[in-house]
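Step one of this worksheet: look at the structure below.
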Amino acid sequence: MRKGSAPLAADLFENLFDGPRREDIAPGAALLHGFARAQELELMAVIEAVVARAPFRHMMTPGGHTMSVAMTSCGRAGWVTDRRGYRYATHDPASELPWPEMPDVLRELAVSAAAEAGFAAFTPDACLINRYAPGAKMALHQDKDEQDFAAPIVSVSLGLPAVFQFGGMARSDKPRRFELRHGDVLVWGGETRLVYHGVLALKDGEHPLLGRQRINLTFRKAL
DNA sequence: GAGTCTCT
DNA sequence: CCTC
């Protein structure tokens, strides 16, 4: 293990997963299996601490529709949407307070995963926390509200499995589908940074640790 | 496929 | 990033 910095993904993978630990799904995109599982209890504890200060809420799109996914954020910036548009904000509009700090465990996980996928020196300043109840979904979209498209997106899946759609640069490109399970970390950047992606309606189920929900963490360099 | 916002 |  390297000294004085976050452990390499390979270290965390040791003896955790029998199958392939890493799938390269496209140039600049990798799916890391079992990566977050080693820290699931610690992750859930810090997520709960963030949520205590910045509760999940269902935000409104500019078109006036309420999102099925409940969201909150931590870090220097949080993603928000309302009738005025999509953007990053340094303060939680619900409380008018700064978003909770990004817990070190979360940052280190994201940085390690990015490194494993080939993106050195990822410095995320925003972590969106999305909660999917059964039926919740995320329409096909691009992440383009960030300032820096050189930085990748790192997505951590916890709880119930979901079907992820990973498309191309054009909305008309037929998306590939694959399942994102508890402990998976998906990293995409480079050529695939602005790819269209989404999540199909969550199938009901019961997860041993999280119950009837999926939590997704998405790390970005927003500012 | 378009329009819904805002704004660097 | 949602619905038409």
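Here is how names work: the chains are called A, B, and so on, in the same order as the sequence lines, proteins then strands, and each is numbered from 1.
Remark: the A/Gln213 side chain and the A/His207 side chain contain no N/O donor-acceptor pair separated by less than 3.5 Å. There is no side-chain donor-acceptor pair under 3.5 Å between A/Arg181 and A/Ser157.
The nearest heavy atom of DNA chain B to A/Pro62 and to A/Gln147 marks one nucleotide each, and the one closer to the 5' end goes with A/Pro62.
A side chain to side chain contact (heavy atoms under 4.5 Å, CB included) with A/Thr81 is found for one member of A/Met60, A/Met67, A/His65, A/Met71 and no other, namely A/Met67. Partner of A/His197 under the side chain to side chain donor-acceptor pair (under 3.5 Å) criterion, out of A/Gln142, A/His141, A/Arg176, A/Gln165: A/His141 alone.
Closest heavy-atom contact between A/Pro62 and A/Gly85: CG-CA, 3.7 Å.
Looking at residues 76-97 of chain A, you'll see A/Arg83, A/Arg84, A/Gly85, A/Tyr86 sit with a heavy atom under 4.0 Å from some atom of DNA chain B. Of all the residues in residues 160-174 of chain A, A/Ser172 reach under 4.0 Å from DNA chain B with at least one non-hydrogen atom.
Under a 4.0 Å N-O distance rule, the pair A/Arg212/A/Glu206 does not qualify as a salt bridge. Salt bridge annotation for A/Arg57-A/Asp92: present, with a cationic side-chain nitrogen under 4.0 angstrom from a carboxylate oxygen.
At the heavy-atom level, A/Lys144 lies under 4.0 Å from base atoms of the strands shown. Among the atoms of the strands shown, none is found under 4.0 Å from any heavy atom of A/Met60.
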Q: For the pair A/Asp184 and A/Arg37, evaluate salt bridge (Lys or Arg N to Asp or Glu O under 4.0 Å) and give the outcome as yes or no after the intermediate values.
A: CA-CA 8 Å; A/Asp184 285 350; A/Arg37 264 184 84 189; over 6 Å; no
Q: Assess whether salt bridge (Lys or Arg N to Asp or Glu O under 4.0 Å) is satisfied between A/Lys221 and A/Asp125, documenting all intermediate values.
A: CA-CA 5 Å; A/Lys221 174 107 181 74; A/Asp125 56 17; 3.4 Å; yes
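A stem is defined here as three or more consecutive Watson-Crick or G-U pairs, each with both distances under 3.5 Å; for DNA chain B these stems are B:1-3 with C:2-4.
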